[in-house]
Amino acid sequence: MDFRLPATVVPARYDIRLEPDLETATFAGEETIAVSVKESVTEIVLNAAELAILSVAIEGPGGVVVQGSAALDETNERARLLFPAPIAPGEWRLKLRFTGVLNDRLHGFYRSTYTDAAGVAHTLAATQFEATDARRGFPCWDEPTLKAVFGVTLVVPEGLAAVSNTAVVGETPAGPGKKAVAFADTIRMSSYLVAFVVGELVATEPVMVGKTPLRVWCVPGKTRLARFALEIGAFSLDFFERYYGLPYPGDKLDLLAIPDFAAGAMENLGAVTFRETALLVDETAASHSELERVADVVAHELAHMWFGDLVTMTWWNGIWLNEAFATFMELLAVDAWKPEWKRWVTFGVSRAAAMTVDGLESTRPIEFEVLAPRDCEAMFDLLTYEKGASVLRMLEQHLGPEGFRNGVRLYLDRHRFANAETTDLWKALGDAAHQPIPEVMDGWIFKPGYPLVSVEPEGRGLKISQRRFRYLGGEEGAEERWRIPITLRASVKRGFVHKQLLLEAGEVLVPLPASADWVVVNAGGHGFYRVRYAPPLLKKMSGALAKLEPIERFNLLSDGFALAQSGMLTAADYLDLTARFAGETDRNVWTVLTGSLAYVNRAMAAEHRPQLEALVRQRLETAAERLGWEPQPDETELERQLRGDLLRALGTLGNDPATQGRAREVYARYRDDESAVDPNVLPGVIAILAASGGEAEYAEFLGRFKSARTPQEEQRYLYALAGFRQPELLSQTLDRTLNGEVRSQDAPFLIRALLTSVYSREPAWEFVKANWEEMARRYPGSAYRRMWEGITALVSPAWEQDVQGFFTARRIDLGGKTLEQYLEQLRVAVRFQERETAPLAAYLAQATKPKR
Ligand code: BES
Ligand code: ZN
C-alpha cells in the first residue's frame, strides 16, 4: 500500500467553516479548497477518516461547476472524489460538505469533559492532529509537504469561547443563540498544525512579547495557575526570536490547557494545546520537577513555532528535525532562564534513557523509513527526542555555539514556509561554520546504536578504542565506527590538561604528561557514547569523584550500570562503585544510583529483598542525614530538590521504618498546615505513606485525588494509588483504570506504574492480559503504546515466556519497533538475573552483614 497521496492535485488554500455541537458530540463542516490541478483527472484523492462527505463539487476557471461524489476508503483513510468528466489542469475550487463525531479518543476533533467545583459536568471540543489526524477533522491533503493557508470560521453558541491558530477578525450572529467566529488567514503551513478549541474556556490578560499577545486559556477557576507558564512563555518567545533571528511567525500566541489530552502538548501554530499538568501550576506548592516540567514543555512547544511550524520536515522519517531540535532549544531556553537549575546536567537522565534503547539490537537510526500512520506515531520516542537532542548538543559543542546558531538561522531562513530534510540542515550548518558536517554527523543520524569507548593505560598515555555498545549481541559490532568528538581531562600536578580529538579509527594513542593521575573521558559529558575504563583507571578515578563534574559522575555510574547489565562488569563491582558516592550532592547522580538499585530489586528473588533494602539504606543514609527533613536557608536549589528524592527512596525502595514513621508525622503536620511542609519533600512523603500505609491512607489519597486543587496534586495522589502494597488495595487501583474514575489520558501510565512495582506487577500483568482489548479501545493510541513499557519489569524466565507467548498469539503491533524493544529490554533484564542471582545474593549477604 502506498500511503502517499498522488501529486496530480495539490491544495493552496482552505476555507473551512465548522460547527461543533457539544451536546450531541457531532460536528458539521464545509470547506472550499483552492487546488492546482497538474494534469487532467477524473478523480481527486485526499485524506479523510471517520467523516461522512455529504456533497462534492468543483468550480473551475470561468465559473464552470462540476458535481462529484465521494467514495470513502476507511482502511487507507482516504476519500476518492469522482467526477463525471475530466478536470482540466489549472486552478479549481473544490467544495465539500461533511459531518463527523467529536470522538473520545483524544485525536482528530474530539471532546473533553470535566466537572466543575459545583459538581456540574461540562464538555469542550479540541483537536489533536499530529501526526495524521487532521483527516479526522476535515477532508484534506494530510501530508506535511502539502502546506497551505487556512482560513477558519467556527460557528459556536454565543456563550462559548472559540480559539484557532490566528487572531479573531470577525464575529457575526449565526442563527438563534449562535455566533460565527472568523479567524485571520494562517501562514502557509502543514495540516497537522491546524487547531480548533471550543468551550467555556477563559483566558488570562495578554502579556505582550514584542508585537505578540501571549495568553493562557483554561477551564474557569484555574487562571490563578497560569502565571508561571506566562513567565516562561514570555521568556522563551523572546529568547527564540533572538536566537533564530526571525520574528515569531504568528499574529498571537495562545497556550490552552485541555482537561483530556493524549500527549504532553502540541505545537499548533498560535494555539498550542497542553495537558493541564504541563501548563497550569501553583508555583508556591509545586516541587521542582513539576515546575521544570511546565517550563520544559512550554519552551519546547514555542521552539517548534519556528522549528516544525515555519520550517517542517518533508516526511515523518525526518521528524527528528522537529522534535530533536525543539528538545535541544527547550534546554537552551530553560537553561538561559534558570541557570541555577543546571538543566544540561538534568538532561543526562534523558540522554541515558535514550542510550538504554539505542543499545538494543532492535534499535533504529534516528532517521528511519516510515510508511503507515502507526509507524509514524512510533517515531515519537526516546531516539527521536533524546538521542536527537543529544547529538545536536554534541554538534553544537563541536562547532561552537555561535557557528551552530548561525547555521540554524541560515537553515530557517532558507526554508521558511516550506519543508526541509536532514541534508538541508547539514548544508546550512556547513555553510555557516565552514566545516563539512555530513562526515561527522551521518553516523549518528543514519546508523543505529552508538559507540563504547574503551580506555586503557598504554605507555605514557592512553589507548582509546571504539566499538558498538550492545546489551546483547556480544562481540558483534567490533568493526563499527563513528566519528566521535572526544574530550578528555586529566589531573596533572598543577591542575588539569584538556584534550580534544575526533576519534575516527578503531583506536588511537593519546600521550599524557608524566604526572597525569586520573583521567575522565567524555569530559563535560556531552558525548553520546559510553566509556569503559580499564580497572586501574577506574580505581584512580573513583578515588577522585569530588573533582569530577556532576555530569561526569553521572556518566560514570550510568555507563557502569550499563556495563553491568551487558555483562562487561559484575554487579558486585558496580555496587562497590556506588559505595563511593556517599558524599554525592547532585540529584541526577542519585537518580541513576537509586534507579539501578530499583532495577536490581526487580531482578532479585523476593527472599533477598530485605538485604537489598539494607543496602539501599547503607548507600543513602549519609546523604539523607546530611540534608535532614527541613530545607535550610543557605542551601542551593539542587540540594533542596535532592532531599525529597533521597527520603522517598529511603522510605520506599529502602523500606526504612524510621523514614516511614517520620513521613507519617510530617504528613500529619501537613494536614493541619499545608505550608509547614516543603513542596519538594511532600511528593516523596505521599509516596512513602502509600508504600507503608493501608486502607486509611488509601481512602484519604483517593479522596484527595478526586478533590485536588491543582493538576500536580491530582497526579501525585493518583500515582500514589499504584504505590500501595496490599493486594486488596492494588486490585482497587487496577479496577479504577477502567471504571471511568481515572481519565483515559492517565490510566495507561498508571498501569505502567503498576506493572513496574515489584508489589503489583503480578496482579497488574494478569489484569492487563484480561483487559487489553478494552484498553486498546479506550486509551489514546500513544499512551496505550507506552503502557506496554511496563512489561520490561516482568523479570523472570517464566514471565518472559508468558509475555512473548501473549504477544505472538495476539499479533499485537505497537508500530515501528516499539514492541520488539520492550521485549528485548525484558530479555536484557532476565539475562542479568540469570547471570547475577547467585553472585548478588552472596554480595548482599556480605555487604549487609551487621558490623561488629
Ligand atoms: N509534537 C509533539 C506532540 C505529539 C507527539 C503529537 C506525538 C503527536 C504525536 C510535541 O511537540 C511534543 O513533543 N510534546 C512532548 C512534550 C515535550 C516537552 C517533549 C510530549 O507530548 O510529551
Ligand atoms: Zn515536540
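We count ligands from 1, going down the list as the structure has it; atoms in each ligand are counted the same way. All residue numbers refer to positions in the sequence shown, counting from 1.
Taking all atoms of both residues into account, the shortest heavy-atom contact from L302 to L253 is CD2-CD2, 3.6 Å. Of all heavy-atom pairs spanning F228 and A295, the tightest one is CE2-N, 4.0 Å.
At least one donor-acceptor pair closer than 3.5 Å links the side chain of Y450 to the backbone N or O of M355. Side chain of W315 to backbone of E421: no donor-acceptor contact under 3.5 angstrom is found.
Checked by distance only, ligand 1 and E377 stay at 3.5 Å or farther apart across all their nitrogen or oxygen atoms. At a 3.5 angstrom cut-off on N or O pairs, E330 does not count as close to ligand 1. Checked by distance only, ligand 1 and H300 come closer than 3.5 Å through their nitrogen or oxygen atoms.
Of all protein heavy atoms, the one closest to atom 5 (C) of ligand 1 is F380 CD2, 3.5 Å. Regarding atom 15 (C) of ligand 1, its nearest protein heavy-atom neighbour is E301 OE2, 4.2 Å. Scanning the protein heavy atoms around atom 4 (C) of ligand 1, the nearest turns out to be E130 OE1, 3.6 Å. With respect to atom 3 (C) of ligand 1, the closest heavy atom belonging to the protein is A265 O, 3.1 Å.
The Y385 neighbourhood of ligand 1 comprises atoms 2 (C), 5 (C), 12 (C), 13 (O), 19 (C), with distances under 4.0 Å to a heavy atom of that residue. Of all the atoms in ligand 1, the ones that sit under 4.0 Å from a non-hydrogen atom of E267 are 1 (N), 2 (C), 10 (C), 11 (O). Which parts of ligand 1 touch A263 is read off a 4.0 Å heavy-atom cut-off, strictly below it: atoms 21 (O). Atoms of ligand 1 found under 4.0 Å from any heavy atom of V297, numbered from 1 in the order shown, are 18 (C). Listed by number with element, the atoms of ligand 1 under 4.0 angstrom from any heavy atom of Q128 are 6 (C), 8 (C).
A salt bridge does not link D413 to R409: none of the charged side-chain nitrogens sits closer than 4.0 Å to a carboxylate oxygen.
Residues D358 and T363 bring a donor and an acceptor atom of their side chains to less than 3.5 Å of each other. S112 and D260 are linked by a side-chain donor-acceptor pair at a separation below 3.5 angstrom, with hydrogens and angles left out of the test.
Assignment of R275 to the shell around ligand 1 is not supported, since no heavy atom sits closer than 4.0 Å.
The aromatic rings of H526 and W344 sit perpendicular to each other, their planes meeting at more than 60°, with 30° as the lower class boundary.
Evaluated by nearest non-hydrogen atom to atom 21 (O) of ligand 1, the leading choice among G264, G308, A262, A131 is G264.
No other N/O/S atom of E323 lies as close to the Zn ion (ligand 2) as OE1 does. Counting just the N/O/S atoms of H304, the one with the shortest distance to the Zn ion (ligand 2) is named NE2.
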